[in-house]
Amino acid sequence: MTTETTTVRPTARRILPPPVTGQEFVLTGVIVALWVLLGVFTPAFLTPGSIQPLLVSVAPIALIGVGMTFIIITAGIDVSVGGAIMLCAVITAKMMVTANLPLPLAVGLSIAAGLLLGLVNGVLIAYGRVHAIIITFGTANLFQFFALRVFGSETVNGIPGTLDVFGRGEAGRTLGVPHSFAIMIVIAAIAWWYLRHTTGGRHLFAIGGNANAARLAGIRVQPRVMVAYAVTGALVGLAACFFIAAGTSTLDQAVGSGRELAVIAAVVIGGTSILGGRGSVIGTVLGAILVQTVTSGVTQLGWPSQLATLFVGVFIIIAVGTDLLRQRVRAQP
Amino acid sequence: MSALPADETAYRLEMRDISKSYGGVRAIRHADIAIRPGTVHALVGENGAGKSTLIKIIAGAEFADAGAISFNGEPITISSTTDAIQLGVQTVYQEPQLFPELSVAENVFVGRELTRGVRVDWARQADQMHDLLATVGLPDRISTAPVGTLSIAEQQQVSIAKALAGDATVLILDEPSAILTDAEIEVLFTVIRRLTSAGVAVIYISHRLDELFRIADVVTVMRDGETITTRPIGELSVRQIAELMVGGVVSESRPQNGAATGEVVLELDGFSRTGRFDGVDLTVRSGEIVGLYGLVGSGAGDIASVIYGMDKATGGRMLVSGRPVTVRNPAQAKRLGIHLLPANRSAQGAFSFQSIALNIVVGELGLLSRIPGWASRRRERAIAQEFIRRLAVKTPTERQPISAMSGGNAQKVVLARQLVKRPALLVLAEPTQGVDVGAKEEIHRIISGLADEGTAVLVVTSDLGEVLRISDRILVVRAGQITAEFRPDATQVEILAAAAGADTPDADTTPAPIVIQEDQT
Amino acid sequence: TSRNDAAPSGASASGDKITVAFVPKLQGIPYFEAMNAGGKAAADELGIEWLYQGPTTADAAAQADIVRSFIQQGVDALIVAPNDPDSMAPLLKEAADKGIKVAPADTDAPNSVREVFVNQASVEGIGEALTDSLLTAMGGKGDYAIVSCGETAANLNAWIDVQKKYTASKYPDANIVSVVYAGEDQAAATSMATDLMNANPNLTGLVGECTSSAPGVAQAVKDAGKIGTVFTTGLGTPMSMAPYLKDGSSIASILWNVQNLGYLTAWTGQQLAEGKTFAATNNVSSDLPSVEFDSASKTLLLGPALVITKDNVDTFSY
Amino acid sequence: MTTTARPPVTAPAKNRNILSRGLEALLTQRIVLLAVLIVVVLVVMLSLDVGGFLSGSYNADYLASSLISAVPLVLLGLAQLLVIVSGRGGIDLSVGSIVSLTGVVFGLAYGVWNLGFPASLLIAVVTGIACGAVNGVLVAYVGFPPLIATLATYYAFRSIALVVSDQKPINSQEIQDFYSAAQSIELPLIGGSLPLIPLGIFTFLIPSVIVVWLVLNKTTFGRRLYALGTNDVAAAWSGIDVRANRMAVYAISGALAGLVAVVTVAQFASARPDAGTSGSGMALPAITIAVLGGVAITGGIGRVSGIVLATLLIVWLNAGILLALPGNDGTQFQLLALGLVLIFASLLNGLTKRKYGGI
Ligand SMILES: Nc1ncnc2c1ncn2[C@@H]1O[C@H](COP(=O)(O)OP(=O)(O)OP(=O)(O)O)[C@@H](O)[C@H]1O
Ligand SMILES: Nc1ncnc2c1ncn2[C@@H]1O[C@H](COP(=O)(O)OP(=O)(O)OP(=O)(O)O)[C@@H](O)[C@H]1O
Ligand SMILES: [Mg+2]
Ligand SMILES: [Mg+2]
């Protein structure tokens, strides 16, 4: 075998898809365009007082979105995150009120609770041989039930400000950046790196692309799948703290409701294929920012707030539509 | 029954008394096989004999119900693919098991990534990629392409590269040559020889018996899930192997079919599809069987899909019974009396968990009632029963799902679908691929019967024995063009030479494939 | 079948005690749980049985299932706080046909067969009190916005109408710039309130129209550091509003004594079940010595709206 | 996702007795399992009733009257059955929004423009079809994954419904009188000895069930649907127009949502712009009913009887729980029961299918 050769060797960069995909450029462009337009029509939009709360609202959705991206890359889905948020939030808030937990304990408790719920999903899905959407429809009901039991027909009142560091007021910001958003970005960056550069991450893509081939290649499919749900659970736990911090001093049963669709919307707008095998957390973060921009923008423009979801729907179609179109064009030659 | 050599300690891998059932199907029965390091051990047998199942057990992809395995003399259990890979068992499966969205380079290393800490060491992988690709004869630039964009043959080569990426102690190749060209097979043989000289044990499965004599040292013959015999290849001839495989004397009679003089049903005139085939002229007459022979990737299959309207023609004319037509979709093709049996039974033919009855009538639902849009189940069953009888499909009832049938029977069901309404022109793409000898003969008989009744038949196949056996005329397709026409009394060497592009058949470089056939000795 | 041997075959429609059932819009929120507490207290004092069962989502269909189950249980009086008054009307008729006394509380079902409506405060009373308390703080002029909840909630929309009209007539220099809908979601209410403040730099007032948006808007003002420049008011329950009333991010919460409303509801059920009629002024309990009954609109009125401020907020336990 | 585990192997039993056959059917066939569960629920509830543990009588009247909530569930469950059977990840998250939007349109037509019932019904169904066709075009012709297409239209239609109606329910006198269409009635002739049954069962549910059953089982469209849901590539090679047929399924789903809108307007005597989206919405319960009813999420498998039985199970179970558990517990334990039934039914069938070598 001759090793002396002049041909261009495949470089690491070229083995992988580009670090930022076309879809992500499109999304960034759309978001920039929206921000500029909103800045022109409502001058207050591009001020810290407006952007900071926007980022605070983005943080929990994007954070769960990171986990959901893992799951959807493996060709699964988790529609139970709404119920899981509710359960984590109520346990944490209640413990904070009754035991006046310090910050690390409160966050630790919430993450542990989320991890446990994620594990329940993960075990049932990976080992139960039932499609993820069915299992998580079921567990969504269970989580909601347990959350309502913990609520015990009351709201949780007088939640102390322990969690304010996650983005409330001056204590919640460093250099103007809300901490919850910063934490989300750090976690998303780690997740991006994990998905792109570690065996575990690459295996998730392999599993979503062809689960049987992954098994034949010696990948332990079931533990990996289980971990994707468990990680999402843990992120839900952290996000529940963000939700508590972003709410008032009272926690009611509405917390978490309908968030599963918001998270899934962010993920699919971000270009992750619902069929598995392809996706990115950068896109998910951008997707979450886009949805929140649209919602805030509609309110700030003084348009009827009922229109916000119409625009969210239209943006999903545009974002996923361009992605489909690009793939089709790429497949042409 | 076991004819294994006596020196057992020298075996790399040894399997004793292995059995395996799928539900009620006994895929493997008391099989024995033992492989020495540094040898190529061929595994042969008819379709469904259990070859793939046996090697899947070695690879940890399936689990034996009974039996013992030992590795370098140590008894072991292989309970997952990971176990097998850790022993150095590397497998190239019959169907490439790859990840379409990932690049070639990633595919090669999935499951055995080179790492630095937790991070995948892309640079080192890239380095090794270069050598691996050179070894299997693929260009360097391919390593960044998503596997989904490659041809089947390239995917097969990627699978081989993938198997070579690990440190193999046992290399399993399940029909690697079925979809490779001769040049590619030569490269593969070079690789195999290099590996065996380094002490790797190679298990090689193939239906091309001739090539075994060039690469294999030992051959094990399987029949009905049993290992019939294991012998040094030098002790056997092709004919002996074939007879061991089928368990009797091989005799196939060529169905008689007079030269057709019927009217022209299909005429192609300068027919083209950019990038696939170009300037194809052919005619098929009523009552005639025309064989369209080409190697995988020659474009023969594309001609069939365009005739049927699955793809669009980009040039030339197509005439059906003398009238020029443009076929836009299969529904229109069927209105013109053109029916097609697709090449890939599981992907394009079978509705797996639906009943045999639905699988038969699905193409002609209009026949199920006089009321348009209505479908009578009674009529559906009646039609299905009729075809089950006519084609001698082995099934207890027409309500069984097609997924529960053996390959040959499933193929008959898909074929029956094309006959529910009598076709004027029947296009058959690889009609007996993956079908064993008995069923193959029956399918051939059915095809000649149809021609006798006046149907024009175009058989698109890459099976040389088949094309010689049933065609009235043979057209050879190479690189998207029809390069030669033969009568059925042509020799295999002539036809293969035309298909592979050699000007003069040369027995040294293009050995005549030896197919089980009467005139062979 | 047992259709004709009528309703109270249920094993536990407990003998001779009168049963009064109440169906809230939604379970587990302080407002209705406080009504439940008041109803329970009344039951003990009045010697009746009080049943309470609410849906887990504020949904007319889920509520209908519960109403149907109470009809089946053969309660004596059935009182509902309807999510959708029109959709409750036919069910109430069905109950009345089976001899059950029916009435709405909290939210009227004017098109129903009701014999009485247990009203916490008049629509005008609430709308005007909200407007007055906010505009007093705003100095009688300026821009304000409303963060409402469900888009279709009938009572909220009725109050908003009053607020619009009353503001236009009484405070000509004041102006409602926007009405937005946040659902029952506190976080959404907070972020919408923030967006409204950003979009309207001159905004000096915010109204949180329901118990989830009242603390939400106050929180937004607090987070934006605009206590003292943007004033908020709303319909919030005392305990959830207490921190905001104390730090000044909320001026006042307009409500009524919800436990008393629960008490009145239970009492009304008993009166209906016993076939009694209502006098113009009724002595219900020591806390409710003179509840007025308007026979034209068939409405029992708890009393004037209650203004909860930082001074009296600690006297409530819900 | 399903991953392949070590397959247990059983020897084929030739002469199995009725008992073991029944057990196999119970474990592998969802229809049988559901039927048994319904019987279990009825028996348990009736014995609780006899034992005096229920706050009301769990009798035929109650069961019959609780069926009113079965009408929208069954209709939308059938809609999900059709789209899920059509394969390629078929699902319709937008049905609730279509109900809202179509309900508003029906409310306007019937209650405001006074077009009369037949014309208004037609308009409602046509609106539903139009909404469904939007999904159909996106899924079948543009190539959107169904989950994404219908998530987008779920958001969009919901918003349009609120805007069109100015977020106010339409409740003119005509609409209020329209409640008669949802009332319970006595059956003619034999009805005197039977419980009153909600009219919607006869006017909407039974006809829809029959029509969908006929469509799936007795028409060429139904045969094509199962085929293309099983393998759409093979369907294309068999000359089936895959895109047109798949598009049609989403349009039919929209039509069924249109019918549900009319039922809902009748049942609630008002046309609410959030009728199908308030609370947890109508789509998720419908999908839950479909998967509980044994519709395979991967397409090609699903039966009308599964939808009907799953609905009966859930409706009667929920109705019983309300009587058994007073107070807020009742509605909370409904969530628990639904979650457990869903998970155990699918796990059981998933795990045992391998053992008995089903599909
Ligand atoms: N997953 C499966 N489920 C049920 N039966 C199976 C399965 N895989 C293989 N079989 C059956 O086991 C038998 C042996 O199959 P196997 O694939 O090992 O044959 P083979 O010798 O490799 O044939 P070929 O030459 O066609 O590749 C056949 O009867 C086949 O139908
Ligand atoms: N994948 C499968 N799943 C379930 N049953 C199967 C499967 N494959 C085969 N069988 C059953 O096992 C029987 C024997 O299979 P096998 O492949 O040996 O058939 P065969 O006799 O070789 O038929 P043919 O000549 O048509 O290939 C079949 O008739 C079929 O009922
Ligand atoms: Mg066979
Ligand atoms: Mg094989």
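All heavy atoms count here, side chains included; hydrogens, waters and symmetry mates do not. Reminder, nothing fancy here: chain letters follow the sequence lines and each chain counts from 1.
Side-chain contact between A:Phe146 and D:Gln332: absent, with no pair of heavy atoms (C-beta onward) separated by less than 4.5 Å.
Residue A:Ser257: no heavy atom, backbone or side chain, is found under 4.5 Å from chain D. Looking at A:Ile269, there are no atoms closer than 4.5 Å to chain D (heavy atoms on both sides), in backbone or side chain. Residue contact with chain D, scored on non-hydrogen atoms closer than 4.5 Å, involves the side chain of A:Leu324 exclusively. At a 4.5 Å heavy-atom cutoff, A:Val314 makes no contact with chain D through either its backbone or its side chain.
Each of D:Ile343, D:Leu336, D:Leu340, D:Leu335 was scored for a side chain to side chain contact (heavy atoms under 4.5 Å, CB included) with A:Asn141, with one residue passing: D:Leu335. Across A:Val267, A:Val268, A:Ile317, a single residue satisfies side chain to side chain contact (heavy atoms under 4.5 Å, CB included) together with D:Ile148, and that is A:Val268.
The distance from the OG atom of D:Ser346 to the CG atom of A:Leu124 is 9.5 Å, given to the nearest 0.5 Å.
Considering all non-hydrogen atoms of both residues, A:Ile274 and D:Pro145 come closest at CG2-CB, 3.4 Å. Nearest heavy atom pair, residue A:Thr309 against residue D:Ser159, reads OG1-CB, 3.1 Å. Contact between A:Ile316 and D:Phe144 at its shortest, heavy atoms only, is O-CE2, 4.4 Å.
Top candidate by heavy-atom pairs under 4.5 Å with chain A, chosen from D:Asn328, D:Leu93, D:Ile91, D:Leu151, is D:Leu151. With chain A as partner, the option from D:Leu292, D:Val163, D:Asp329 having the largest number of non-hydrogen pairs under 4.5 angstrom is D:Asp329.
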